[in-house]
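Have a look at the structure below, then the notes.
Letters A, B, ... are given to chains in the order of the sequence lines, protein chains preceding strands, and every chain is numbered from 1. Both backbone and side-chain heavy atoms feed into the values below; hydrogens, waters and symmetry mates do not.
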Amino acid sequence: MGRIYLTTPIYYVNDVPHVGHAFTTINTDAVARWHRLLGDEVHFLTGTDEHGLKVQRSAEELGRTPIEHADITSARFGEAWELLNISNDDFIRTTEPRHHDSVQALMQRIYDNGHIYLDTYEGTYCVSCEAYYSDDDLIDGDHCPVHKRPVEHMVEENYFFRLSAFEQPLLDWFAAFPDNVTPEGYRNEALGLLRQGLDDLSISRTSIDWGVPLPWDDAHVFYVWYDALINYATAVGFGADPERFAHWWPHTHHLMAKDIIRFHIIYWPAMLLAAGIEPLPTYHVHGYLLLGGEKMSKTGLNNVSPADMVDAFGVDGFRYALLRDNSFGPDSDFSYEALLARYNTDLANTFGNLLQRVTTIVQKSCGGVGPKPQEASPLRALAETAYEETAAAWERVQPAQALDATWRLVRDTNEYLQEHEPWKLEPGKELDAIMGDALEVLRIVAILGSPAIPAGAVEAWRRLGLEGSPLDQRLPAAAGWGQYRGGLDVVKGDPLFPRLKG
RNA sequence: GGCGACGUAGCUCAGCUGGUAAGAGCGCUCGACUCAUAAUCGAGAGGUCGAGAGUUCAAGUCUCUCCGUCGCUACCA
């Protein structure tokens with residue numbers, strides 16, 4: 001049995017939850033659910049990032065205090081994750097007292113270790129980016145290259161983090177841990193950033209007060225990014241509960257999109273090293289969802305809400321199609337049409353239909369009582385292979401590959417039925433053997449597929465007449481062939497995943 | 001400009017350190033079946049693995065050049 005601490009990024013509250021956030025969160029959730037099946041001790045964290053000038057100004061524009069604004073917008077993420085059946089163990093908000101305490105404790109350690117110094121910073125600043133730009137970066141003289149909005153001139157006394165001192169230690173980390181970042185392409189990107197050299201970072205602001213004050217100088221607050229990153233430590237008790245922190249921290253896995261590689265894989269590990277915290281986290285980076293389909297390209301990713309997808313495909317349908325169709329790593333095309341095709345093919349036709357035909361035949365020919373499988377079933381080896389490949393893929397944080405491996409077993413079982421035509425058989429040993437095999441596959445698939453389709457797996461489990469829940473099974477034992485013991489009341493129901501029209 | 005990724009059947013993509021792998025799923029055509037959600041199963045068509053050159057006994061698989069697409073270069077998953 002292992003232990004794993006999984007995190008999504010904390011999402012910036014000025015954003016509205018969209019399918020990009022959902023992609024990261026659903027992937028993390030599925031991995032968390034897989035590890036729970038393995039019997040691993042799992043802590044799954046998500047949350048919201050709530051400080052910074054952008055939030056402060058948005059709040060002002062809306063006539064709210066920053067915390068009122070953050071309360072409202074943070075809740076939208078919580079609601080979205082609830083809707084998507086996300087099984088996070090904790091939801092952190094950077095405005096919580098526990099986080100302020102943790103940030104101050106961690107930064108104080110870095111300060112005490114001599115890695116922070118005071119200096120003056122003068123430059124052009126984009127409020128939307130909350131970042132300084134050099135003149136070269138600007139377009140049209142004074143416009144932010146990202147937001148195309150005018151930048152502002154700022155002069156600040158800032159505290160700086162001596163990031164430059166950690167270039168070599170970070171390179172050493174990469175050398176020592178070949179799997180610290182997956183997939184490999186992103187590992188190389190991070191290494192590339194490192195090799196370009198590291199400059200010290202401005203980490204505090206005096207221009208705003210919506211943030212965490214520096215413990216040694218309360219005229220400053222931490223720049224939102226540096227406070228935000230620390231959430232991962234806060235949530236497992238940094239500064240408050242050393243025992244708990246020691247329990248989880250060595251097992252930290254951060255999942256995230258490629259855009260925040262620099263902050264997460266360069267700055268954050270450097271901060272940890274500066275604070276004397278090791279080992280460093282493991283990272284799993286994915287690409288962007290690119291809008292392809294007609295229905296979505298018109299609106300843009302930001303306007304595709306998880307709720308819309310759930311309306312279209314159901315919670316499990318959306319989860320499954322998203323995980324299966326967009327591999328974790330490269331950018332991938334995302335479209336309503338592709339999700340629809342995936343849903344119909346894999347959930348309606350392949351899995352849902354198999355469940356339906358099996359339960360129907362058991363009703364008609366076996367008196368509604370599910371027989372047990374054959375010990376030497378032809379499906380046995382296929383099921384064992386499916387488990388091994390499924391498990392290996394989840395271990396690599398490759399949900400699409402994992403589901404592909406699981407679903408291959410479902411396809412094999414449809415083929416098996418076709419070959420033996422149980423609908424032509426009279427009640428008896430031969431029929432029982434075939435139907436028992438099919439029921440056993442469904443039992444296994446309900447478990448292996450549950451990280452993607454938790455609700456559907458539970459319902460399938462119930463229809464098979466099984467006790468308990470597929471979510472409470474323990475792998476790898478539960479995937480072993482022959483555990484559908486037979487004599488169970490099999491229930492037929494409405495199609496679990498109804499076929500959808502475009 | 002710098003750094004990087006990618007370009008394999010109509011579509012989405014697998015193909016690790018080079019050697020019977022040119023593959024999967026979808027789509028399409030034909031056929032079978034009828035338990036099942038117009039679902040299922042089988043067969044087939046379809047690719048000179050972006051172009052060119054090179055290394056090698058052997059190259060989607062390594063090197064170089066070119067063409068094309070895209071990303072990052074302190075906002076967003």
Side-chain angles (χ1 to χ4, degrees), chain A residues 8-12 14-28 49 52 54 126-134 136-137 144-147 149 163 184-186 188-189 191-193 195-196 199 201-202 223-225 255-263 266-267 285-290 292 301-302 324-327 329-333 335 337-338 341-342 344-365 400-401 404 407-408 411 413-419 421-425 435 438 492 494-500:
Chain A
T8 73
I10 49 174
Y11 305 111
Y12 203 58
N14 260 24
D15 293 335
V16 174
H18 57 66
V19 289
H21 302 109
F23 184 65
T24 309
T25 306
I26 289 173
N27 270 284
T28 310
D49 178 11
K54 243 195 303 190
C126 172
V127 173
S128 295
C129 296
E130 301 202 35
Y132 285 98
Y133 284 97
S134 68
D136 302 345
D137 296 329
C144 163
V146 176
H147 295 87
R149 290 165 49 178
L163 179 66
E184 198 176 0
Y186 293 115
N188 291 334
E189 269 192 34
L191 257 180
L193 290 175
R195 288 178 176 142
Q196 284 173 28
D199 296 327
L201 297 167
S202 159
Y223 172 44
V224 59
W225 259 108
L255 278 76
M256 53 192 243
K258 63 180 186 179
D259 56 295
I260 49 179
I261 284 176
R262 178 187 298 273
F263 282 96
I266 307 293
Y267 299 173
V285 183
H286 67 76
Y288 279 147
L289 301 179
L290 307 175
L301 194 63
N302 294 336
R324 176 63 188 83
D325 231 41
N326 303 96
S327 69
D331 289 350
S332 59
D333 288 319
S335 71
E337 291 78 4
R342 181 60 70 182
N344 277 334
T345 298
D346 286 9
L347 293 181
N349 298 351
T350 303
F351 177 65
N353 186 52
L354 176 66
L355 178 65
Q356 202 70 358
R357 62 199 302 210
V358 167
T359 52
T360 298
I361 296 170
V362 170
Q363 285 297 326
K364 286 186 177 174
S365 304
Q401 290 175 23
D404 184 47
W407 253 252
R408 205 172 309 140
R411 290 198 297 270
T413 305
N414 273 317
E415 183 183 331
Y416 181 71
L417 291 186
Q418 205 68 29
E419 185 185 340
E421 304 185 306
W423 49 90
K424 287 183 176 173
L425 297 174
M435 297 319 294
K492 192 185 167 193
D494 292 333
L496 195 50
F497 297 104
R499 189 175 171 83
L500 298 173

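- At a threshold of 4.0 angstrom between heavy atoms, the contacts of A:Phe497 include nucleobase atoms, whether or not backbone atoms are also involved.
- Residues passing the side chain to side chain donor-acceptor pair (under 3.5 Å) test with A:Arg499, sequence neighbours excluded: A:Asn349.
- In this structure A:Arg262 satisfies the side chain to side chain donor-acceptor pair (under 3.5 Å) test with no other residue, sequence neighbours excluded.
- One atom, CG of A:Asp259, and another, P of B:A77, lie 6 Å apart when rounded to the nearest Å.
- At a threshold of 4.0 angstrom between heavy atoms, the contacts of A:Leu255 with the nucleic acid are absent.
- Within the nucleic acid shown, A:Arg195 has no heavy atom closer than 4.0 Å to any nucleic acid atom.
- Between A:Asp404 atom CG and B:U12 atom P there is a gap of 18 Å when expressed in whole angstrom units.
- Considering only side-chain atoms of A:Tyr267, the nucleotide from B:U37, B:A74, B:G25 that sits closest is B:A74.
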Could you run down the sub-3.5 Å N/O contacts of the protein with nucleotides 42-45 of chain B?
residue: B:G42; atom: OP1; partner: A:Glu415; partner atom: OE1; Å: 3.3

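- Spacing between atom OH of A:Tyr186 and atom P of B:C72 amounts to 11 Å, rounded to whole angstrom units.
- If you run ring pair (Phe, Tyr, Trp, His ring centres under 6.0 Å) between A:Trp225 and each of A:Tyr12, A:Tyr267, A:Phe263, only A:Phe263 comes through.
- Listed for the A:Asp49 side chain is no donor-acceptor partner under 3.5 Å among the backbone atoms of A:Ile10.
- For B:G25 and B:A43, the P atoms lie 10 Å apart once the distance is rounded to whole Å.
- In this structure, the side chains of A:Val358 and A:Leu417 come closer than 4.5 Å at one or more pairs of heavy atoms.
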Under 3.5 Å, N/O pairs linking protein and nucleotides 6-11 of chain B:
none

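- With rounding to whole Å, A:Phe351 atom CZ is found 15 Å from B:U40 atom P.
- Every residue two or more places apart in sequence or in another chain that forms a side-chain contact (heavy atoms from CB on, under 4.5 Å) with A:Lys492 is listed here: A:Gln356, A:Thr359, A:Thr360, A:Gln363.
- In textbook terms, a nucleotide whose glycosidic angle is within 90° of 0 is syn, while B:G44, being further out, is anti.
- B:A77 atom C1' lies 12 Å from atom CD1 of A:Ile26, rounded to whole Å.
- Note on A:Ala348: a base of the nucleic acid sits closer than 4.0 angstrom, heavy atoms only.
- Residues forming a side-chain contact (heavy atoms from CB on, under 4.5 Å) with A:Ala400 (at least two apart in sequence, or on another chain): A:Arg324, A:Ser327.
- Every residue meeting the side chain to side chain donor-acceptor pair (under 3.5 Å) condition with A:Thr25, not counting sequence neighbours, appears here in chain and number order: A:Tyr11.
- Summary of the strand contacts: A:Leu354 and A:Gln401 both lie near RNA chain B, and taking for each the nucleotide with the nearest heavy atom, the more 5' one is attributed to A:Gln401.
- In this model, a side-chain donor or acceptor of A:Asn353 finds a partner on the base of B:A36 within 3.5 Å.
- For A:Glu419, there are no salt bridge (Lys or Arg N to Asp or Glu O under 4.0 Å) partners, not counting sequence neighbours.
- Remark: the backbone N or O of A:Thr345 is paired with a side-chain donor or acceptor of A:Thr350 at under 3.5 angstrom.
- Residue contacts for A:Gly192: at a heavy-atom cut-off of 4.0 Å it reaches no nucleic acid atom on any strand shown.
- Nucleic acid contact class of A:Ile260 (heavy atoms, under 4.0 Å, all strands): sugar-phosphate only.
- For RNA chain B, if you chain together Watson-Crick or G-U pairs that step i with j, i+1 with j-1 and so on, the runs of at least three with distances under 3.5 Å are B:1-7 with B:67-73, B:10-13 with B:23-26, B:28-32 with B:40-44, B:50-54 with B:62-66.
- Atom C1' of nucleotide B:C72 and atom NE2 of A:His286 are separated by 16 Å, given to the nearest angstrom.
- Where A:Glu189 and A:Arg262 meet RNA chain B, the nucleotide closest to each residue was compared, and A:Glu189 sits on the side nearer the 5' end.
- The side chain to side chain donor-acceptor pair (under 3.5 Å) search around A:Gln401 returns A:Arg396, not counting sequence neighbours.
- The CG-P distance, from A:Leu191 to B:G2, rounds to 21 Å in whole Å.
- Contacts of A:Pro498 with the nucleic acid, taken as non-hydrogen atoms under 4.0 Å apart, include base atoms.
- Rounded to whole Å, the separation between the C1' atoms of B:C28 and B:G10 comes to 9 Å.
- In this structure, A:Trp225 reaches the B:C76 phosphate: one of its side-chain N or O atoms is under 4.0 Å from OP1 or OP2.
- Residues A:Trp407 and A:Leu347 are in side-chain contact: their nearest non-hydrogen atoms beyond the backbone lie under 4.5 Å apart.
- In this structure A:Asn353 satisfies the side-chain contact (heavy atoms from CB on, under 4.5 Å) test together with A:Arg357, sequence neighbours excluded.
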Short N/O separations, protein against nucleotides 27-35 of chain B, under 3.5 angstrom:
residue: B:C35; atom: O3'; partner: A:Lys364; partner atom: NZ; Å: 3.3
residue: B:C35; atom: O2; partner: A:Arg357; partner atom: NE; Å: 3.2
residue: B:C35; atom: N3; partner: A:Arg357; partner atom: NE; Å: 3.4
residue: B:C35; atom: N3; partner: A:Arg357; partner atom: NH2; Å: 2.7
residue: B:C35; atom: N4; partner: A:Arg357; partner atom: NH2; Å: 3.1

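- In this structure, CG of A:Asn344 is placed 12 Å from C1' of B:C26, rounded to the nearest angstrom.
- Straight-line distance between the C1' atoms of B:A22 and B:A58: roughly 16 Å, to the nearest whole Å.
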